[in-house]
There are 2 protein chains.
Amino acid sequence: MNIQLTEKKEQIFRSTLQLVNAGGFHGSPMSKIAKEAEVAVGSIYHYFPSKDDLIIELYWYCKEIINKHIFLEEQDNLPYDQRFRAVWKNVVLFYQDHEDLFSFMEQFYGSPFYEDIRKNVFQHKCERNKIFHFLEQGLEEKHLKDLHVRILLAAYLGPAISLVRSSLYEKTKIEESQLDQLVDIIWNGVKK
Amino acid sequence: MNIQLTEKKEQIFRSTLQLVNAGGFHGSPMSKIAKEAEVAVGSIYHYFPSKDDLIIELYWYCKEIINKHIFLEEQDNLPYDQRFRAVWKNVVLFYQDHEDLFSFMEQFYGSPFYEDIRKNVFQHKCERNKIFHFLEQGLEEKHLKDLHVRILLAAYLGPAISLVRSSLYEKTKIEESQLDQLVDIIWNGVKK
DNA sequence: TTCTGTCAATTGAATGTTCATTCGGTTGCA
DNA sequence: TGCAACCGAATGAACATTCAATTGACAGAA
């Protein structure tokens, strides 16, 4: 039964991701979400109290998926510099292959929904996410230059996100060798 | 008369920027835009054929302002490396001081509006903007490593945008010294 | 096994609200 | 007098949400 529930929810999530990617939050009325997910409008309200709740739950759902794909267990024990590169490449490759997820997250972060999430201090602390910790760890273990984490985060993720954006805009995936070039630049810039 | 027209338009633009920043495209109905701009709803339609047109014109308007503030005449003749740093810092400082503009552009780029703009090949070419050219120039003049412009763009602008985002989220401006650190890292990473 | 009561899951038409857009009329300037 | 700028109530479409009705699964009684 609980599995059923999850499946239906995921069906709705997937439909929403697809629509938001294609037409923004604008172009995603409940009626379309329902049709795409092959459920009745009313059913969505069986799972989510409101559209806003649906969106916010979808955010947490995406976040979980992303983290799962970025921090791979088999890479947990690599030396820091190799892990630094691996995680970074995971980010780019995952987003490149999951356009709708990327597009949703981008829009979400720019929307007032996210404002609400950040306001909640407790969640905010949970929210300081794995990448943040990963960089802090690099600082503590003296792998990274002694910079403010904020700066490290910008230097690490900023280029990745820009790259994914340009890849999606131009509908051309980025060559692996180019990824290596860029992550090398970043690593050389922030390594101790 | 033409000046009048521009003034009214700007009033509407400013109002829209403010609302979009506060509540996203969602939370910006024409009625609110009108009230905030202190004009009647109908008047907006005197200047713009539709809400979509308003948004798209606003995009071009923002783009112009941004370019004006990023490429300062008095810095045009600096040696490339200094100009590289100056332009980059202009980006961060300008966006930091113009939250609503930044927020609008971010949301616009993630929206289907921008898709339409990119589709139009002619505009697309105009669109390849000044920063793009600036980096190409750096390549031609052998100041920069021989990387794909796409990679350079990601390495240059990505961190800037990330930084601004975090600055706006945390409502804390970034210290000038931190900016210098970051732009140094970038420059060292891409310089020949 | 068959029947029955229960409740969650599901449906989509109906409701009320919000919104973009229109338009008939007013103002003010040339 | 004419015309552009301006107004905001009126219109109709799109939308989120509700709800009364239907289905389906299943536990326990016969």
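Every chain is numbered from 1 and lettered A, B, ... according to where its sequence line falls, protein lines coming before strand lines.
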For [X], check side-chain contact (heavy atoms from CB on, under 4.5 Å) against everything at least two apart and list the hits.
X	value
A:T172	A:E170, B:R150
A:L168	A:E99, A:F102, A:V164
B:S31	B:P29

#### Entry: side-chain hydrogen bond (donor to acceptor under 3.5 Å, both in side chains) evaluation trace for B:N90 with B:Q75
CA-CA 11 Å; B:N90 291 341; B:Q75 300 174 335; 2.9 Å; yes
When the aromatic ring centroids of [X] and [Y] are compared, is their separation below 6.0 Å?
X	Y	result
A:F113	A:F25	yes
A:Y114	B:Y169	yes
B:Y80	B:F134	yes

Using whole Å, what does the distance between atom [atom2] of nucleotide [N] and atom [atom1] of [X] come to?
X	N	atom1	atom2	value
A:F48	D:dT18	CZ	C1'	18 Å
B:K51	C:dT22	NZ	C1'	17 Å
A:I44	D:dT18	CD1	P	13 Å
A:L54	D:dC15	CG	C1'	15 Å
A:I12	C:dT11	CD1	P	10 Å
B:E38	D:dG8	CD	P	12 Å
B:E7	D:dA4	CD	C1'	17 Å

### Query
Does B:S43 make a side-chain N or O approach to OP1 or OP2 of D:dA5 shorter than 4.0 Å?
no
### Query
Can a side chain N or O of A:H46 be found less than 4.0 Å away from OP1 or OP2 on C:dT10?
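No, no such contact exists.
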### Task
List the protein contact pattern of nucleotides 23-30 of chain C with one symbol per nucleotide (5' to 3'): B for base contact, S for sugar-phosphate-only contact, - for none; contact means a heavy-atom distance under 4.0 Å.
--------
### Query
Looking at C:dT10, C:dT11, D:dG8, which one has an atom nearest to any side-chain atom of A:V39?
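Of C:dT10, C:dT11, D:dG8, C:dT11 is nearest to the side chain of A:V39.
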### Query
If we only count heavy atoms from C-beta on, is the B:Y95 to B:L163 side-chain gap below 4.5 Å?
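A side-chain contact is absent here, since even the closest heavy-atom pair is not under 4.5 Å.
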### Query
Can you list the residues that meet the ring pair (Phe, Tyr, Trp, His ring centres under 6.0 Å) rule with A:F13, with sequence neighbours excluded?
A:F48, A:Y61
### Task
Scan residues 15-36 of chain A against DNA chain D and write down, sorted by residue number, each residue with any heavy atom closer than 4.0 Å; if none is found, say none.
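A:P29, A:M30, in order of number.
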